[in-house]
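Heads up: the structure comes next, in structure tokens.
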Protein chains: 2
Amino acid sequence: MSATADPRHDTESPKQQAILTAAGELFMHQGYGATSMDAIARGAGVSKATLYAHFASKDVLFATIINQACLDNIVVGEFLPLDAPDLAAALTALGSRMLRFLLEDRALAIHRVVTAESMRFPELGRAFYDNGPRLFREVFGTWLARQQAAGRLAVPDPGIAADQFIGMLRTGVYQRATFGLQPPPTEAEIDATVAAAVSTFLKAYAAD
Amino acid sequence: MSATADPRHDTESPKQQAILTAAGELFMHQGYGATSMDAIARGAGVSKATLYAHFASKDVLFATIINQACLDNIVVGEFLPLDAPDLAAALTALGSRMLRFLLEDRALAIHRVVTAESMRFPELGRAFYDNGPRLFREVFGTWLARQQAAGRLAVPDPGIAADQFIGMLRTGVYQRATFGLQPPPTEAEIDATVAAAVSTFLKAYAAD
DNA sequence: GTCTATAGAAGGATAGAC
DNA sequence: GTCTATCCTTCTATAGAC
């Protein structure tokens with residue numbers, strides 16, 4: 001509403017925005033080591049000196065990019081299933097959205113980069129985990145507990161159950177996509193994975 | 001039996017062995033980009049010229065290391081459960097060995113490196129997948145089909161069921177370990193993950 | 001803030017002697 | 001095969017003018 005509507009504290013100059021965009025593209029698709037500051041400057045249409053006027057070092061720029069990507073790409077709300085009495089439909093919708101999200105180029109790229117550099121940049125692994133898997137586990141686990149309270153599920157450990165559901169999605173075609181293997185997953189494979197995960201999950205945890 | 005007992009075709013000189021050892025250690029723990037040929041030569045106690053006399057380029061050396069590691073570390077036999085009538089015990093033993101294997105430093109390191117470089121070295125992703133996940137899926141799927149033939153299981157799709165079992169292991173504590181997060185998994189957490197996977201799997205697929 | 005130009009270091013790869 | 005010494009490129013980062 002006000003003049004400074006953007007919640008991100010400071011004004012981002014066009015050049016800074018261009019740098020962030022170019023750096024994000026390059027770091028995501030080529031990794032930390034294979035991306036040079038020259039290439040980022042060229043991609044952003046600025047000089048290297050300008051680059052270093054905005055970001056003190058390559059490490060800082062990389063951490064900024066990855067941290068921001070971790071926050072941007074995890075929109076929990078989208079993955080929260082509705083409180084529908086039809087458990088199978090709710091889980092199928094959730095699983096379908098989640099697996100398709102994980103299979104997007106951008107999500108795969110972030111996962112690859114964070115995995116690759118998590119030893120040299122421990123805070124990145126932490127940021128990714130906390131904003132991604134951990135957050136989802138909490139939200140989904142809470143939802144499962146509520147279903148249990150409503151008498152629809154019998155879940156001894158909601159956290160473990162949430163992990164199992166996501167684990168059954170992140171396997172098979174997803175694992176293949178992680179390594180960039182051809183052919184890419186088909187819609188039918190994705191749907192079959194989701195349907196199988198929902199089926200197994202409900203056989204194990206449905207009330208009765 | 002013969003004088004040339006080693007199935008690997010050629011004699012490996014001590015220097016070559018030293019190079020492979022040093023390169024393996026460095027590539028695994030620092031990745032491709034952060035490992036220099038200087039560092040490998042230093043670690044192996046040879047000159048860089050000797051390095052290049054044995055391996056034409058950094059890429060070739062890297063591919064050699066990773067391909068060998070993929071073959072060395074996947075010993076399917078160890079993970080094949082016995083044909084016991086007690087399904088729960090067999091699956092628990094299998095899951096326990098598998099998850100503990102995946103959590104070893106060496107297995108985590110290979111997985112990280114292959115994930116990181118699979119876009120620039122597609123053949124590595126393929127080698128890892130074929131000798132690891134794909135092979136296990138086939139062997140385990142065949143075992144599941146045999147249990148079904150014996151009337152102990154009802155498995156509509158053995159391949160998907162195998163993926164689901166491994167997927168329920170490769171989540172939670174494993175995902176945390178992938179990003180090098182502290183604290184490391186406890187024995188109790190590992191056992192609980194395995195027990196939960198076996199329980200869910202059997203509730204979904206046990207015959208009756 | 002932004003540029004051009006460059007310093008200073010490190011990297012991959014090779015020449016030539018032994 | 002093995003070494004020492006070196007070439008050339010590329011990289012991160014900065015100096016200095018505007």
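Only heavy atoms go into these numbers, but all of them, side chains included; no hydrogens, no water, no symmetry mates.
The phosphate of D:dG1 has neither OP1 nor OP2 within less than 4.0 Å of any side-chain N or O from B:Thr50. Residue B:Tyr52 has no polar side-chain atom (N or O) positioned under 4.0 Å from OP1 or OP2 of C:dT14. The side chain of A:Lys48 contributes no N or O atom lying less than 4.0 Å from OP1 or OP2 of D:dA15.
Here the closest non-hydrogen pair linking A:Leu169 and A:Leu99 is O-CD1, 3.5 Å. Smallest separation of non-hydrogen atoms from A:Met28 and A:Val113: O-CG2, 3.6 Å.
When distances run from any side-chain atom of A:His54 to the nucleotides C:dG1, C:dA13, C:dC3, the shortest one goes to C:dG1. Nearest to the side chain of B:Ser47, among D:dC11, C:dT4, D:dT4, sits D:dT4. When distances are taken from the side chain of B:Ala49 to each of C:dT14, D:dT2, D:dC11, the shortest belongs to C:dT14.
The CD atom of A:Gln17 sits 13 Å away from the P atom of C:dT2 (whole-angstrom rounding). B:Arg42 has its CZ atom 14 Å from the P atom of D:dT4, to the nearest Å. If you take CZ of A:Phe55 and C1' of C:dT2, they are 15 Å apart, rounded to a whole angstrom. The distance between atom CG of A:Asp38 and atom P of C:dA7, rounded to the nearest whole Å, is 16 Å. Atoms CG (A:Leu61) and P (D:dC11) sit 15 Å apart, rounded to a whole Å. The distance between atom CE of B:Met37 and atom P of C:dA10, rounded to the nearest whole Å, is 18 Å. The separation between A:Lys15 atom NZ and C:dT2 atom P is 6 Å, rounded to whole Å. The separation between A:Leu51 atom CG and C:dC3 atom P is 10 Å, rounded to whole Å.
B:Lys58 forms a cation-pi arrangement with B:Tyr32, by the criterion of a distance under 6.0 Å to the ring centre and an angle within 45° of the ring axis.
Counting heavy atoms from C-beta outward, A:Asp191 and A:Thr92 have side chains that stay 4.5 Å or more apart.
Note on ring orientation: taking the six-membered ring where Trp is involved, the planes of A:Phe140 and A:Phe165 are tilted (angle from 30° to 60°).
Among the heavy atoms of the strands lying under 4.0 Å from B:Ser36 are primed sugar atoms or P, OP1, OP2 only; no base atom is included.
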